[in-house]
Amino acid sequence: MTIGLEEVELADSTLTVAGIAKYGVFYFFRDGDRFRNSFVVRINKEPDVPGGSGAIAHPAGGFLIAFSSVCTHMGCLLVQPADDPANQPPLSGYPDELVCGPCPCHGTIFDLSRGGVVVLGPATQNLPQLKLRIEGDQLIAYKWWQERPYQHEDPREEIWPAGA
Amino acid sequence: MAEVFERQFPQRDPPVDVKRITTGCQYCAVGCGYNAFLVFDDGVPTETLQGISRFITPAMTNVANYKGRRVRAAVVPDLRCDLNKGNHSVRGGSQGKNLVTSTGRDRSTAQRLKSPQVRLQDGPDGLVDLTWDKLNDVMAQLVMHAADIKVSGEKAKVGRPGGLGVKLYEYQYLENTYAATKLIYSAIGTPNVAYHDRPSVAGSSPALEDVGFRPHDFSYDDLRAADVILFIGTNPYENQSVCFMQSCVGKEMIVLDPRETATAQYALATGGLHLPPTALGADSLVIYALARAIIEREGLAEPIGFEGSNALGGHEHPPDLSAGQQNKKTQSEKRRASRATNFDGLKQFLSVGDDTSTTYTLANAATISGIDRALLEEAVWRLAARRQFETGPLRRPKVALIYEKGAIWGFNFHNIAAIGSLGLLLGSYSMPGRLVGRVGGHQKGWAESKADLKEVFDNSDKLDAYNEGYPFRNVVDQYEDKALKVTSSIPAAERFLYVHHNLDTHVFGPPPELNPQPIPSSTGAGVVRLDNGVTTVANPDVLLLWIIGGNYLGQTNDCHRKRGVLHDRRTAGADHVRYPATASVRDIVQTLTRRMLDGGLVMVHQDIFPQPTTNEADLVIPAAGWGEDTFCRYNAERRLKLYDRFQDMPLHKKDRAKLIELQNRDPMKKITRDGEPALRIDKLAHSPKPDWMIIRDVARAIGWRLDGAKKRPKPADRGPFAQKLVAAFPWVNSSDVADEMARLSHRGLAGGNMLGDIYLYGKSARIDSEVFHRVLGKKVGSERHDGMSAFLLRDGYTVGDGKDPVYGNGIATNGIMLPAVGKDENGEPIPETGDDRDGKVKRIQGTLSVPHRKPLYFVKAPWSEIESDFQRVNQQGVDPDEVFVTNGRFNHLWNNMFHHLRNDYTSERYPEDLPGTILEINRAWADARQIRTDDIVDVGSGGHSFRAVASLQDSVPEGGAFAMFSYPARQHQAGQLAFNFQGYANNITDGYADGINPIAALKYARAVVKKTGENYQSPRLPGVPRRLGPSHASRGIIVRDQNNELFPISAGFVTDLDAGHLPDGLRTEFSDNGTMLSDEARVVVIRPTDRWRIIDFSAAGMAAYFIRMIDSTPRVLSVAWSYPDRVVWEMRELIVTKGLPRALIPDPSGGASEHSNSTRLLFLDPDAFVGELADPNGHRRGALSKFKIRNMIYKQNQSTIDRWQPAEIARVQEFLDITDP
């Protein structure tokens, strides 16, 4: 089975290519309700995260991890769909590190290799991570990660009003 | 952003039963407005709070207690606060997690101090609970012994006021500091008092006040109007985050800081400058050199702003006070007489135009500080040259000069004198955009008592006893209008109040670094003179040290030595029992009094959490904190704010039952206006109390002990002194204290009002007195400061229309920005605010001093005065592992981390059992020594050391290290975390305290860093550096040789390049003084045998370099700050697509000299690096059109254009499509 991620469809959402990061392809969940404003990153190496990295193996090599793209400081989008070429993913300054940010509004930087913890900046909550699985040729994001120590509280209920 | 925000977080209806109480952030000086929302239903799920604000994170919420009831609570930044507009820092935004909670989940509550305690043996288990009654009695007797207070006729005679030493926070609310100073100043009269962060009650910036400014003259609106901000020793993105995000972003920034802090990275990514010194304490030299260069390069005939206009409200040029006025009496006047000067005097002082005098040249400043001279040249241009901003005529930039602890904690007077003088030269007078000042550490909460207790306490002869020991030299009287007059006609108590007195020498003895030499004394007392001219006691003489708030033994400078002295003093009289045998009042008092009789020291620690200092305390007193009583204080822009009570203090287990019983017995006895029963904290035997109440009760106990009573008498049985002390300390609630404080705190002008202390100027303070008295002087008997609330409810200080479901009670969180500037149509005083509401509020334009026509001076603080101290601090040892070690705060962590040692969010990043502080060291330097992130290192100097966990960072220069300030070492002991002193960076700092203004050198040290332990791994430090810009070193450096072959080099190679170790065929040339243009920009220029090339190693460095270089021509490029990589791509495309070089470097052979503008700029061959510019992914990103090129001015700035060759100008014109304006 070959999954070219460019062709992958999610169960409820269409992945839109958001941009090319230094370490992989960067996708954006554009449609659908629950995981709107989230993104998937394809990486070469599974991060070493206590409690599990949340990464799944890509059949064609590498790994996938997914996070919300809404900054937990004041709600700005960390990653934009690729429609606007001006909105490149702000990740490429860190070739050796899996970091999202700085947020274009207030500069928060999240470390995706540690479950989305805030490295610097005003956000008080880790970047929520999605759980992923692959079924057939579909990549499915099915819940927010809750059990891992770095995600000690589920932000879903309080930050993300479902279907808002 | 707003659209995203609306879509993501629509406003929803709030829960039905929600109570809103206004408060402010408890942490930094910005003082953002917050609301505490309480939902009175234990069963309500947290998401019910969603409706009260549109963006609440879990970190803002908790389960708390309010007047004995369990509530859902959220502490949320106020969208409608003028100051923060819903924005928050990571610290403020996670305050909810630091509430006192009864869920048992939160360690931060579990570890609060919950009862008075006495130490019966060493170690954490050596403390035994006391009741408040016992504690008050013990404290009263110890204070009476230490200060030798005895009944003498009708009065209590204070025989040895200096026996009591007090370390007291300056920030933790006006009510508490007023109450404390009423006891320690008005009653006892001890001079041995110091603020939390300095060994004295010294101002942070007396030198600035000599210039004629004050450090908090400006507002954030003023800052927002600046063109250029010069940050000196401050890192506001991390530490005053909201001020930075709201008022600084978008400005052109110049950052003077040894590290490439997040602020410096922001500056670089937005085309600003970073000036990194490699020596500590050369700031004054650098800043004076900038001033000299500005005068010379710009050909200034007068200070900027004075140029024939009325810009200073009619001020005339400052007169030269340097000569002929030596008969002034006050210290500030004396200081001014010898140091203040006018523009001519400044030019003379800096030797402007005198090529033979090199002290204040840029070249000398570059050599001594280690800052690249090219960067200093660039800073000169940016600070002063005429440019075009947006549209409009050419003008000089509006410059804001912002400084903080990097300048304050060190060579204080000299650093600030230079900063203030540069500000005056640049026309920065606290007008919009043009200002000098501090962004602040803590908020301001110091109100000094001026109450008259002379009928009760007689401390009049203390001067005679201490005349030699407490010399008056170097007095810094901050308040010119109340200048100290050292004459015998002034009552002794008055003199002490104004003396800035070094507590540290009286507790720990004089610092040996400063070579104390005995001097003759008429009284026979042991007096010594130090190298910096200070006279002080030879031996410590404080007997009872009362620490109120803070972690003195870990935060003062040179604290390793000081703790050794303390240990000796606490074990003085080895023959005697060291600790009381039992917790009875008799045992405690007898044992500790005996120790004092032997010359030993008794230490009391009053705080909300245990600190390592608590480990050394004989008595521990639990205090109430933020939100647990109603207080007020003001922020760095003088907003006086109400911190209302919205939660209960943590209760001792015995008190919990008693409280329920009391409330059940008589629930309606004390009902406050809001219909809630009061929490009867004064009836509780153990639980924490607000500091003012602790002071009150100790003072009252002194009263009945003076009467000879053995226990607290009932009101009817009070003796004469008991009655007097109850009358002197009568307060029932904090509103009572505020009411008295408004009348009886000193330094104000009208009727002894405290407002003179709010950094205000004379005449406006008269109006302020009225305002403040109105605000706080309306005691109506509730727990609230109803006067304040009433004032805040006046028009202009409310939000909403009264029907708003959330803001129904209408109180805003803006506070009152002081000073008031007039009266409205009803004769009501109008405070200053940031905006003009319906024309009612008139804002002061310009510095607060200017309207009052205070004279302004340049202040001379010669480098020669501190040169030897500078050399000692920076003296290079022989060990190759020696680095300079400075310290400061991290983004997430507040001060001594009373909360942040204990909450989950922090411990994810900085594990709770870190065996030491965090030491950021340069990656290349550490690599060469096999030190990795998470390794344990020992940082040693002169026999003292601290332990740290290494964190490799590119932001720290080679040869330097940066430690988290006041970070204890921690380890698990018997299932609990125990703190110790091994982590404190100030274990090794220099013992220097400024000779003019006693502030300690908390930032200066050199030490040897040795790896002592492998890889501290579980859990590890964050792997990703705290940085706002991209990594430099991780990108590596690509060099091509003359055959166009790739030649990969690492950051370490840069050093080799610098040393001239180059592969054959390559040759380097750097900037004109032989070093790299900028360590930060990491732009290295390689000259192969025949032609120039530029090699890029870092996106941000490249961008910053290009922008800087293009900017040093008269052009400013506007770029998006958050996408530095894109900027680089655009820069590259610019070069490639246009086929023209815009990387300009000073020609190393161009013969540039200090006093000429002959530096030539070389153009680079674009062909040389086309290959490197190809996008590895084949994308052509960015377009030239996105590059907004503006401000194309060149002709007018002749001094810069002179550096250009005509052909180059033509090429640039063509390239940028510029037509001659």
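So you know, we letter chains A, B, ... as the sequences are listed, proteins then strands, and number each from 1.
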Main-chain N/O of A:G107 paired with B:Y266 side-chain donor or acceptor, under 3.5 Å: no

Would you compute the distance between atom NE2 of A:H106 and atom CZ of B:F244 and round it to the nearest 0.5 angstrom? 11.0 Å

Does the pair B:M245 and A:H73 meet the rule for a side chain to side chain contact (heavy atoms under 4.5 Å, CB included), with working shown? CA-CA 12 Å; B:M245 292 187 282; A:H73 176 227; 4.2 Å; yes

Between B:S241 and chain A, with a heavy-atom cut-off of 4.5 Å, which part of the residue counts as in contact: side chain, backbone, both or neither? neither

Could you measure the distance from the NE2 atom of B:H88 to the OG1 atom of A:T124? Nearest 0.5 Å is fine. 5.0 Å

For the residue pair A:G121 and B:Y237, what are the closest heavy atoms and their distance? CA-OH, 3.4 Å

Would you say B:N891's side chain and A:L120's backbone share a donor-acceptor pair under 3.5 angstrom? no

